Structure formats: structure tokens, C-alpha cells
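Because the structure is a prediction, the values reported are computed rather than measured. Keep in mind that the numbers below use all heavy atoms, side chains included, and drop hydrogens, waters and symmetry copies.
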Amino acid sequence: MSETVNIKYGDTSLDLPVITGTENEKAIDISKLRASTNGLVTIDVGYKNTGSTTSAITFLDGEKGILRYRGYPIEQLAKDADFLEVAYLLINGELPSQNDFDTFKSDISLHTLVHEDLKHFFTAYPLNAHPMGMLCSLICSLSAYYPDSLDPNRSDAEKNLTVVRLLAKMPTLISWIQKKSTGHPIVYPDNKLGYVANFLRMFFGQRTDEYFTDDVLVDAMDTLLILHGDHEQNCSTSTVRIVGSAHAPLYASIAAGISALWGPRHGGANQAVIEMLQAIHNDGGNIDKFIDRAKDKSDPFRLMGFGHRVYKNFDPRAKIIKVKADEVLDKLGIDDPLLEIAKKLEEIALKDEYFVKRNLYPNVDFYSGIIYKAMGFPTDMFTVLFALGRLPGWIAQHREMMEAGQPIGRPRQIYTGSNERDYVAINKR
Ligand code: CMC
């Protein structure tokens, strides 16, 4: 017999159905609540208790530190899979056969070039423009070159082409953003190379020299992209879904996701972590002082890279990244004092009652910045790299939302402003 939750409101008694997911997660289905109770709605600021959708893409259990894409544990994917394989998995629901994977990769290679006219955008940006602002506008602007893609309800072939274009062109655009900041000429894609190697060559290479990709760096970057691939209904993904639910073009929905990701409480934390570690270093390495500041409620400072809305035990991505950070720094022979500060900070915070009581653990962004820094990425590029990793997740979630025929996202509110009052002429106020 299906479970229900009974609620009583005035004279109304209502049995609300409980829906159960494949991992036995349960939710009260309130879709008939308002109609059955003459206007009663629920309120849950920040959606701490509210599921916005059912989804078959990512499962995570924050208490147990579990993360799986389409059922596959993140640890296995990070160790054995390749980023484009994971992208295929997220978007299509299954791991590709060799044949399907070859076609997917060659389709992406075919679309790595970006319309030359898009270069003109860069003359308008100042040298110190933040890469996230540029990425957001460039991705939205891609829609201008593909008018057939504006309607997200088009044919499957056209929908797939938009997905391939996004995956193929994002690395090229990111490397153009980098070249703008250094004033160097752009490096065109080399389609003989794999996705990550090609990106690193366009980003770090110069037209004047041959660029040799380093397998250690390609592997580290590939792992980081996989770890960021999807994370169920987080702030940017929910944004992609809600913008997409208005049937805006996919390019616009992804651009909205990029905007949400920019914030330091979300993807922007990887940049903020390095800035914080640098500030601790510059201040003479007094970690306790910064821990005290994080605990002080009158100080807006928070330990960046600590805490997570859903992980209340540990973030499985942080565990993998911590090991990778050691590997990369070791192999590159880099002795980064910030890594030492990060490790000490983690050690102290994990024993501190304030952090223990609130279940605050290092999250994915605590160590990712250390790796990006060691690889030579500028700090303000870190969130852009997060966006590149999250792109397949956003696409998968958008596709799932469209295929489910989800109605437009439109929450209710409880109005707390003035009751009706008469307009007062300006000379009488
Ligand atoms: N430093 C100090 N105190 C913290 C921190 C922190 N990093 N994070 C949470 N708290 C405290 C917070 O002040 C509150 O204390 P109290 O109960 O006394 O009021 C309590 O812990 C619960 O925090 P919250 O803000 O209600 O929790 P939330 O679920 O709304 O926020 C968070 C989650 C990630 C926004 C928050 O932990 C935070 O701001 N962390 C730092 C930024 C960061 O690293 N973000 C990256 C998240 S991982 C990447 C991604 O997936 O986006």
C-alpha cells in the first residue's frame, strides 16, 4: 500500500502521497495541496527541505558521503573513465559503446572552431575583465550564430547539435578569454588531440612554439572535470532548469547557470579559497586567527572551501582531490606553502568544536584551486574551469527537464508588505 502523510488544516483533512526514489529517499508530494486547502502553500527559504524535481542523473547521500552519476560511484569514474565518457554518460544515461564514443568524440572535434566574428567581442572588454562575466556573455552570444537552435523543442538532431557545439566550443572560448588577458594571439584547436590536451594547448600554448602536453596535467585536469560533472539540484543547476523551463534557448540557460556558479558560496569558492590561503600566508601564517574570525558571528568572514549544503559528513570529491593535489605537486616538483597551510587549516578546523558541531568539512573547492594554481591557471580562471566540468551536468539536467515536460518554474510567496493604501501626491508626503 502506498504511503501517505495526513495533514489537517481547519476542517480539511488531506492525505498527501509519499513518493519514494530508487535509493529509498522519500518526499511528500504536495502538488494538490493548494487546490485542496483553499490556498495553503508551503514555504522553505533556500529550499533546505524541498525537492524541485525527480531526477535519474545523480544520486548523493550527504550523510554517508556518497556521489554517483547514473549509478556509477564517483571514485570509479574518477579513476577509470575519461571526461568525455562521463559527459556522454550524464547526457545520454548510459556509458557509450566504443562505436558511440568514437562518434561522440569526432562530432565534438568537428565543432571546436568558433565563428571568427565572435573575436570582436574581445575588443570591447577591458584587460582585467573577470573571465566568468566574459564566459557568460560569450556562451549566450553563441545563440546568435545558430538561430535554428533558439527553440529548445526542435528536432532531436538539432538538439544534439547544440549539445555538441556547447561541449566543443567552450574550451576554445575559455582559451580566447585567457589570451585576451595576456594580450597574446589565440591558438586554434588541434583536433588530433584529446579534449583536455587540446584545451591545455590552446590555453597555455603559443603560436610561436610547439606545445607538449604533460600526461600528469592532462590526467589531473580530466579528473577535476569529472568530479565537477554534476551535483544534482545545486544553485546553478536549478537555475539552468528554471530558465530552461521558460523554454529559453539552451545557450541562454547555460549562461544563466554560469552566472549562478560565479558566486563565492557556489563555484566561486575555488578562487576564494586560494585568496584566503594567500591572505593567511601574507599575514604570517597565523591560522588560528582566521579560524577565530570564521567563528565570530559579527565578522562576515567564512572559511572558504568549508561546509556544504548537502554533505554533512565528508565531500567524496574532496577526498579524491586531496590525493590528486599531492600527486600533481609531487610530480611537478612544486613546494607550495599554500598546500601546507591548507592541510594545517583542515587539521585544526576538523578538531574545532565550532566546525565539528556544524558538520563543516572541506568541500570540493578546498583543494581544487591548489591543483589549478600548480598547473599555472590564473586564480580568476578557476571558476571557469568548474563551469567547463559542470557543462555536461547542466546539459543533462536541462534535457531531463524538457523531456519530462516540466511546467514553467514559478514559486509562490507569502506577501509581507503593506496592505492596500492610497497614493499620496508628492507635495503631501
Ligand atoms: N565558515 C564558517 N562558518 C560556516 C561556514 C564556513 N565556511 N559554512 C557554514 N558555516 C556556519 C554558518 O555560519 C552557520 O552557523 P550557525 O548555525 O551558528 O548560524 C552554520 O555553519 C550552517 O551554515 P549555513 O550557511 O546555514 O549552511 P548552508 O547549507 O546554507 O551553506 C555553504 C552552505 C556552502 C554556502 C556554506 O557552508 C559556505 O558559505 N561555505 C563557504 C563557501 C564554500 O566553500 N562554498 C563551496 C561549496 S562546494 C562547491 C559547490 O558545490 O558549489
Side-chain angles (χ1 to χ4, degrees), residues 114-146 149-150 162 165-187 199 202-204 221 224-225 228 231 234-244 246 248-276 278 304-305 364-365 368-369 372-373 375-395 398:
V114 171
H115 199 292
E116 287 286 300
D117 285 354
L118 247 172
K119 276 192 203 156
H120 298 305
F121 273 69
F122 287 89
T123 53
Y125 290 122
L127 270 181
N128 60 355
H130 196 286
M132 282 299 272
M134 286 195 266
L135 184 67
C136 176
S137 14
L138 289 165
I139 291 294
C140 202
S141 304
L142 278 179
S143 62
Y145 298 87
Y146 307 109
S149 73
L150 297 185
T162 303
R165 281 181 176 139
L166 273 163
L167 290 166
K169 293 178 200 308
M170 179 102 106
T172 312
L173 288 172
I174 294 174
S175 66
W176 284 12
I177 292 172
Q178 165 67 0
K179 295 301 180 200
K180 165 74 190 182
S181 73
T182 57
H184 292 150
I186 59 168
V187 174
F199 170 61
M202 288 191 289
F203 193 96
F204 291 114
M221 179 84 208
L224 283 167
L225 294 180
H228 285 101
H231 214 233
N234 57 82
C235 177
S236 58
T237 301
S238 302
T239 303
V240 169
R241 276 186 176 253
I242 209 157
V243 173
L250 180 59
Y251 292 108
S253 303
I254 299 294
I258 293 170
S259 300
L261 190 74
W262 192 353
R265 291 198 169 181
H266 191 10
N270 54 14
Q271 170 174 347
V273 168
I274 291 294
E275 287 164 356
M276 174 190 75
Q278 193 64 55
M304 298 316 289
V364 68
D365 286 328
S368 63
Y372 291 141
K373 184 168 170 279
M375 291 174 76
F377 286 106
T379 316
D380 61 3
M381 270 289 170
F382 295 176
T383 316
V384 166
L385 302 174
F386 190 155
L388 183 60
R390 185 55 53 88
L391 180 61
W394 287 333
I395 292 170
H398 180 274

Point to revise | Taking every non-hydrogen atom, the tightest pair across Met134 and Ala129 | key: CE-O, 3.5 Å
Check your understanding: At what distance, to the nearest 0.5 angstrom, does CG of Asp380 lie from CD of Gln178?
Key -> 8.5 Å
Check your understanding: When rounded to the nearest 0.5 angstrom, what distance separates CG in Leu135 from OG in Ser259?
Key -> 9.5 Å
Practice item. Please examine the side chains of Leu118 and Leu142, heavy atoms only from C-beta on, and report whether any two atoms are closer than 4.5 Å. Key: yes
Review point. Should the ring pair Phe386 and His266 be called parallel, tilted or perpendicular, given that the plane angle runs from 0 to 90° and is split at 30 and 60?
Key: perpendicular
Practice item. Flag the pair Leu138 / Val114 as yes when at least one side-chain heavy-atom distance between them is below 4.5 Å, and no otherwise. Key: no
Review point. Which atoms form the tightest heavy-atom contact between His228 and Ser368, and what is the distance?
Key: CE1-CB, 4.4 Å
Check your understanding: Quick one: does Phe377's side chain get under 4.5 Å of Met221's, heavy atoms only?
Key -> yes
Check your understanding: What's the spacing between Asp365 CG and Met304 CE if we round to 0.5 Å?
Key -> 8.5 Å
Check your understanding: Which heavy atom of Val187 sits nearest a heavy atom of Met202, and at what distance?
Key -> O-CG, 3.5 Å
Check your understanding: Would you say the side chain of Tyr146 lies within less than 4.5 Å of the side chain of Tyr251, judging by non-hydrogen atoms?
Key -> yes
Point to revise | Sub-4.5 Å side-chain heavy-atom contact between Phe122 and Ile177 | key: yes
Practice item. Starting from the C-alpha separation in whole Å, work towards a yes-or-no answer on side chain to side chain contact (heavy atoms under 4.5 Å, CB included) for Ile174 and Phe203. Key: CA-CA 8 Å; Ile174 294 174; Phe203 193 96; 4.1 Å; yes
Check your understanding: Judged by atom type as modelled, is there a donor-acceptor pair below 3.5 Å linking the side chain of Lys373 to the main-chain atoms of Ile274?
Key -> no
Check your understanding: Closest approach of Lys180 and Tyr125, non-hydrogen atoms and distance?
Key -> NZ-O, 2.9 Å
Review point. Is the closest side-chain heavy-atom distance between Gln271 and His130 below 4.5 Å?
Key: yes
Check your understanding: What are the two closest non-hydrogen atoms of Thr383 and Leu261, and how far apart are they?
Key -> CG2-O, 3.6 Å
Check your understanding: Looking at Ala256 and Val243, what are the two nearest heavy atoms and their distance?
Key -> CB-CG2, 3.6 Å
Review point. Without hydrogens or angle criteria, can the side chains of Trp394 and Ser236 be said to hold a donor-acceptor pair below 3.5 Å?
Key: yes
**Study point:** Ser175 vs Ile186, side chain to side chain contact (heavy atoms under 4.5 Å, CB included): CA-CA, chis, key distance, verdict
**Key:** CA-CA 7 Å; Ser175 66; Ile186 59 168; over 6 Å; no
**Study point:** side chain to side chain contact (heavy atoms under 4.5 Å, CB included) between Thr379 and Gln278, intermediate numbers included
**Key:** CA-CA 11 Å; Thr379 316; Gln278 193 64 55; over 6 Å; no
Review point. Rounded to the nearest 0.5 Å, how far apart are CG of Leu388 and CG of Leu173?
Key: 10.5 Å
Check your understanding: In Å and rounded to the nearest 0.5 Å, what is the CZ to CG distance from Arg165 to Leu250?
Key -> 12.0 Å
Exercise for review: Kindly compute the distance separating OG (Ser253) from CG (Leu166), expressed to the nearest 0.5 Å.
Suggested key: 10.0 Å
Practice item. Might you work through the side chain to side chain contact (heavy atoms under 4.5 Å, CB included) test for Leu385 and Phe199, ending with a clear yes or no? Key: CA-CA 11 Å; Leu385 302 174; Phe199 170 61; 3.7 Å; yes
Check your understanding: Going by the angle between their ring planes, with limits at 30° and 60°, are Phe382 and Tyr372 parallel, tilted or perpendicular?
Key -> tilted
